[in-house]
Amino acid sequence: MARMEDRAAQRWQEAWARAGLTTAYRDPDRAKFFALIAYPGASGFLHVGHLRSYAYMDALHRYHRARGEAVLFPFGLHVSGIPTVAFARRVKARDPVIVQTLEDAGVPPAVWPTLEDPAAAARFLGEEYRRVLRRIGALVDERTYVTTIDEDYQQFVRWQMRTLHAAGEVVQGSYFASVCPVCGPLAVDPSETDLERGGDAEILRYVLVPFRLEDGRVLLAATLRPETIYGVTNLWLAPGEELVVWHHGSGEYLVARPGGERLVEQHGGHLGHAVPAAELVGRPVRVPLLDRPVPVRASRLVDPAIGTGVVMSVPAHAPADAAALAELPAAEREGVPPPIVLLEIPSDAKLSSAEGALVAGEGTPAERALRATGAKSLADTVALDAATERLYRIEFVRGRMTVPPLAGVSVRDARERVEQQLTERAGALALQEFSKPVICRNGHAVVIRKVTDQWFLRYSDPEWKARTRELAGRIATWPPEYGRELPGIVEWFLDRPCARKGPWLGTPLPMDPAWIVEPIADSTFYMAYFVVRRFVSSGRIAPGQLSDAFFDYVFRGQGAGEPSVPAALQEEVRSEFLYWYPLDINMGGHEHKSVHFPVFLFAHVRLVEPRLQPRQIYVNGWITGSSGAKLSKKEVSSKGGRIPPIDGALERWGPDALRLYYVHAASPSADVEWSSEAVDSARARLDEIERLVRESRGSGAGPPELDAWLLSRMHRVLVRVRAGFDATDLRPVAEEVYVGVPSLLRRYYARGGVPGDATDRVGRAWTLLLGPITPHLAEEVGAGRFPSLVALERFPDPADFAESTDAETREEYLDRVEADLRAVQRSAREPGASADVAFFIAAPWKAAVERWMRELLARGETPTVRAVMDRAAQHAEMAAARAAIPRYVQRVGPLLRSEPDAGPPALEEHDVLREAEGYLARRFGFTSVAVYREEEAGPHDPLGRRERSRPGRPAFYLLPPAAGAAASGRPPDR
RNA sequence: GCCGGGGUGGCCGAGUGGCCAAAGGCGGCAGACUCAAGAUCUGCUCUCGCAGGAGUUCCCAGGUUCAAAUCCUGGCCCCGGCACCA
């Protein structure tokens with residue numbers, strides 16, 4: 001069945017394409033809507049998670065089209081950088097995970113070898129993505145399709161880089177890049193597309209402090225806390241370690257070999273002969289800045305692979321140093337000065353209880369931390385690491401220096417100052433290092449190398465930044481919180497490398513073609529290029545004609561344009577650009593919040609005039625796996641995976657159930673854990689809706705008041721649906737269209753309505769409402785009801801459906817009555833067993849009394865019995881009720897406060913209930929329904945229930961069935 | 001530490017002063033339909049109550065108010081980013 005439906009879906013998709021919906025056109029008489037999804041990267045096959053944003057975006061485009069706007073929904077593929085190269089490499093290696101996805105996607109093994117070439121893989125994946133988008137019914141403009149390695153796109157990127165360069169925003173400087181000494185530069189990235197492991201490594205920045213031996217050679221100690229120089233009591237080397245001499249300038253530095261190699265990468269120089277640690281242990285070195293002698297000692301705490309293999313010992317503040325000293329034989333401890341406390345936590349610092357426990361008690365901070373965490377020796381690595389991490393953190397955030405030159409200075413500031421002094425006066429150096437080993441795909445250790453001619457985009461440029469921050473502060477965002485964050489992100493944005501050297505896909509940097517423009521930098525302004533691309537793909541402009549002059553003219557209105565392009569054509573492109581721009585929405589996942597979206601704003605600020613700046617950024621959540629993490633390839637698999645691959649999902653549920661699921665599952669910016677069950681239920685809901693829409697056609701005639709109610713409610717549905725779409729908030733839209741309307745119709749039928757003119761009108765409008773989110777279903781149920789395609793129809797207008805306050809008031813009143821009946825039935829011993837009901841409509845005086853009481857409340861007075869009675873005395877018609885008023889005032893008084901001040905409904909309760917008798921009998925299984933006015937109900941109300949009646953809330957008396965009839969327990973039915 | 005969010009019923013998730021014991025969904029229970037199952041439909045799903053009511057709830061503790069999930073103060077905890085740090 002699913003397969004059949006899938007075929008039907010395909011038929012509609014073809015019909016849309018034939019109707020020209022996959023080609024945008026400009027219409028100067030109409031408003032336009034231009035919105036897109038941030039380029040997906042071509043790293044493999046799409047899975048069900050990727051389609052969420054497309055479902056959203058397509059629904060928005062379809063809505064805007066139905067509102068009569070010209071829409072442009074472009075699609076292109078980002079293949080720059082490493083992911084596509086990595087994909088091709090994994091195909092070549094026949095990586096089992098990749099092989100599985102190839103099989104799932106139905107790619108015949110004969111094709112696999114062609115995917116071993118990155119450019120071919122990129123083209124292949126692009127076609128694959130387009131096929132999937134068609135299959136879910138997304139109406140993307142076919143002529144915009146482009147990949148970032150197409151010749152015309154590269155022309156565009158070259159223009160962009162040259163323009164930024166000319167504006168002084170592309171500069172060269174030095175940079176520490178991650179490099180495999182064998183394979184070349186690569187990206188250290190958690191996705192590890194290029195790495196075997198270590199993708200989550202961070203780059204640490206050590207300060208290398210020179211400690212001079214009496215013979216002039218220097219031990220270079222690596223530290224992350226240079227301010228602790230004031231507390232150094234000795235140096236540590238690893239026992240048995242072999243140091244090497246690093247010759248740099250005129251100096252001879254002693255360091256462990258791994259650190260020496262890093263130093264050569266980052267500072268040059270060369271490594272000389274080896275020096276055993278044993279030769280150095282016991283000798284004195286001088287602490288720079290302080291010129292104080294301290295001894296060298298050996299301890300197993302030192303890992304020669306980390307830093308320089310030379311460690312400053314600060315036993316007062318480093319738990320590990322304290323533990324190491326304690327392990328030293330007494331003889332060796334001789335000559336090591338006592339711990340020096342160099343900072344303290346001010347007594348008035350606000351500490352959490354955990355922090356307080358760590359720094360409480362006697363002894364040095366390190367001793368206290370050891371005590372608090374229970375770390376006994378260097379062997380307790382877990383406890384020791386905890387002690388170190390927690391103490392460092394508290395001291396850094398809260399600590400104040402106590403040693404003379406810096407007394408009172410915060411540790412944060414002291415660190416900066418000490419580093420500066422060490423660098424200027426003592427010749428300290430910096431060393432960058434990964435926090436954990438990083439291994440490339442070919443098994444080599446990755447290093448950090450200093451690159452002196454790195455190309456940067458100068459995002460720190462104050463003028464550029466200021467203008468971008470201004471845009472960031474006013475651009476619309478979804479969710480709105482992101483808009484509050486965005487200016488800060490822009491503010492802190494640093495210069496970014498914008499090109500790399502390496503075997504990557506992308507555009508050579510025009511100023512220096514040995515460099516490839518980096519993947520973030522080549523996709524900041526491409527939204528504009530989509531407009532031009534439509535002329536290239538239709539053959540009207542050749543890639544070779546896309547000169548700088550052409551782009552200057554089209555995007556910036558500068559110069560005379562490209563001579564080889566006819567002026568009229570060039571003018572057409574320019575108008576087209578000015579028509580579609582500014583971009584209405586750029587939509588992308590969280591991962592774009594701190595990089596892509598900011599640089600997208602930067603680029604626009606620099607390249608186009610203010611009126612063309614983008615209007616909205618839309619951050620959508622992910623579909624996540626069971627752990628809440630992004631879907632992994634392992635989870636998405638036909639074999640053993642919990643989540644079906646895309647084609648499988650489309651076959652199983654059809655495109656619309658998926659689309660509804662995406663839109664309805666959660667707030668768009670929230671992550672949602674994938675749930676097949678939820679898609680099942682979306683599927684079931686659509687089946688029910690299809691039935692209801694089909695049933696809505698008929699020739700019956702229902703009660704006219706009921707029809708009025710239905711149409712009036714539909715009016716409100718339309719108002720809310722349009723508001724939701726206009727605010728790009730689709731979840732409430734889905735709520736109305738897929739939950740609200742069905743329950744509306746069900747209620748209509750239950751109340752005695754029949755398919756006829758009213759339901760037909762609702763059915764037609766509803767079909768149109770279904771269009772944006774579930775377009776295939778809309779076409780199915782719309783066939784024969786509309787002249788051609790539903791997708792070509794105008795969105796329904798609330799004005800087409802008359803509001804009727806009377807009708808709605810009446811139904812609300814009945815709702816209220818039903819709720820009361822149910823409440824009583826619920827609390828009764830035998831629920832649902834009532835046989836007869838008698839209603840008592842409140843006497844008219846009650847409405848007057850309630851009105852008076854409200855007036856008193858409104859004046860801030862308490863509605864006392866006396867006040868009401870005084871007033872009643874002036875009204876002759878109230879005389880008969882005098883005895884009942886006090887009790888009524890007392891009962892109703894407290895209730896009025898919490899009830900809305902709407903007053904009693906404007907309707908004739910008696911008539912409404914009489915008309916609803918049949919309905920209530922069916923609904924509650926009553927054998928008879930009677931309605932009386934309170935003042936004439938005496939004989940029918942042996943228990944005096946009629947007194948309970950209030951205006952708008954009739955009292956009633958439920959009569960249990962006669963003993964014999966009770967057993968039947970006739971259930972309610974519609 | 002800074003910036004931005006957040007803590008709601010078995011679960012997900014709406015809700016920012018008053019028909020809120022709190023939408024909707026999921027899950028659960030009961031019934032209708034069915035030979036049966038599924039689907040669908042109806043009702044219920046904090047506690048108590050043989051009459052439409054009462055009690056106690058929206059992380060915790062205070063406060064403002066006639067009225068607080070919603071506002072204020074303090075606390076605990078969680079998430080994202082940056083910074084910082086092993």
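In the text below, chain A, chain B and the rest are named by the order of the sequence lines, each starting its count at 1. If you're wondering where the values come from, they're calculated on a predicted model, not measured in any experiment.
Minimum atom distance to the side chain of A:R731 is reached by B:A14, of the listed B:G80, B:A86, B:A14. Nearest nucleotide to the side chain of A:A684, out of B:G80, B:G5, B:A39: B:A39. Comparing B:A86, B:G52, B:G5 by their closest approach to the side chain of A:R225 singles out B:A86. Of the candidates B:G80, B:C41, B:C44, the closest approach to any side-chain atom of A:R822 belongs to B:C44. Side-chain proximity of A:D820 to the nucleotides B:G81, B:G52, B:A51 is greatest for B:G52.
B:G74 and B:C44 are spaced 41 Å apart, taking the C1' atom of each and rounding to whole Å. Rounded to whole Å, the C1' atom of B:A67 lies 14 Å from the corresponding atom of B:C19. As rounded to the nearest Å, B:A68 and B:U56 have C1' atoms that lie 16 Å from one another. Distance noted for atom C1' between B:C41 and B:A54: 33 Å (whole Å). B:U70 and B:U16 have their P atoms separated by 12 Å, with the value rounded to a whole Å. Using C1' as the reference atom, B:G17 and B:C12 are 27 Å apart when rounded to the nearest Å. Taking the C1' atoms as reference points, B:G9 lies 14 Å from B:G15, given to the whole Å.
Checked against the 6.0 Å centroid threshold, A:F493 and A:F602 count as a close aromatic pair.
Between A:L431 atom CG and B:A86 atom C1' the separation is 16 Å, expressed in whole Å. Taking atom CZ of A:R496 as the reference point, atom P of B:C82 lies 11 Å away to the nearest angstrom.
Although no hydrogens or angles enter the test, the distance criterion places no donor-acceptor pair under 3.5 Å between the side chain of A:Y459 and the main chain of A:R496.
Remark: the A:R484 side chain and the B:G5 base include no donor-acceptor N/O pair separated by less than 3.5 Å. For A:R945 against B:A51, a side-chain N or O and a base N or O form a donor-acceptor pair under 3.5 Å.
Here CG of A:L958 is found 5.5 Å from CZ of A:F926. Values are rounded to the nearest 0.5 Å. A distance of 13.5 Å separates CD1 in A:I841 from CZ in A:R953, rounded to the nearest 0.5 Å.
Comparing A:H664 and A:P954 by the nucleotide of RNA chain B whose heavy atom lies nearest to each, the residue mapping closer to the 5' end is A:H664. If A:F956 and A:I489 are placed on RNA chain B by their nearest nucleotide, the residue sitting closer to the 5' end is A:F956.
B:A61: Watson-Crick or G-U partner is B:U73, with both key distances under 3.5 Å.
Residue contacts shown for A:A955 include a base, since a base heavy atom lies under 4.0 Å away. Note on A:E688: only backbone sugar-phosphate atoms sit closer than 4.0 angstrom, heavy atoms only; bases stay farther off. Using a 4.0 Å heavy-atom criterion, one finds that A:R685 contacts the sugar-phosphate atoms exclusively.
A salt bridge links A:R691 with A:E695: the distance from a Lys NZ or Arg NE/NH1/NH2 to an Asp or Glu carboxylate oxygen falls below 4.0 Å.
Using the six-membered ring where Trp is involved, A:F956 and A:F839 have ring planes that are perpendicular, over 60° apart on the 30 and 60° scheme.
At B:G53, one or more side-chain N or O atoms of A:R953 fall inside 4.0 Å of OP1 or OP2 (strictly under the cut-off). The side chain of A:R746 contributes an N or O atom lying less than 4.0 Å from OP1 or OP2 of B:C41.
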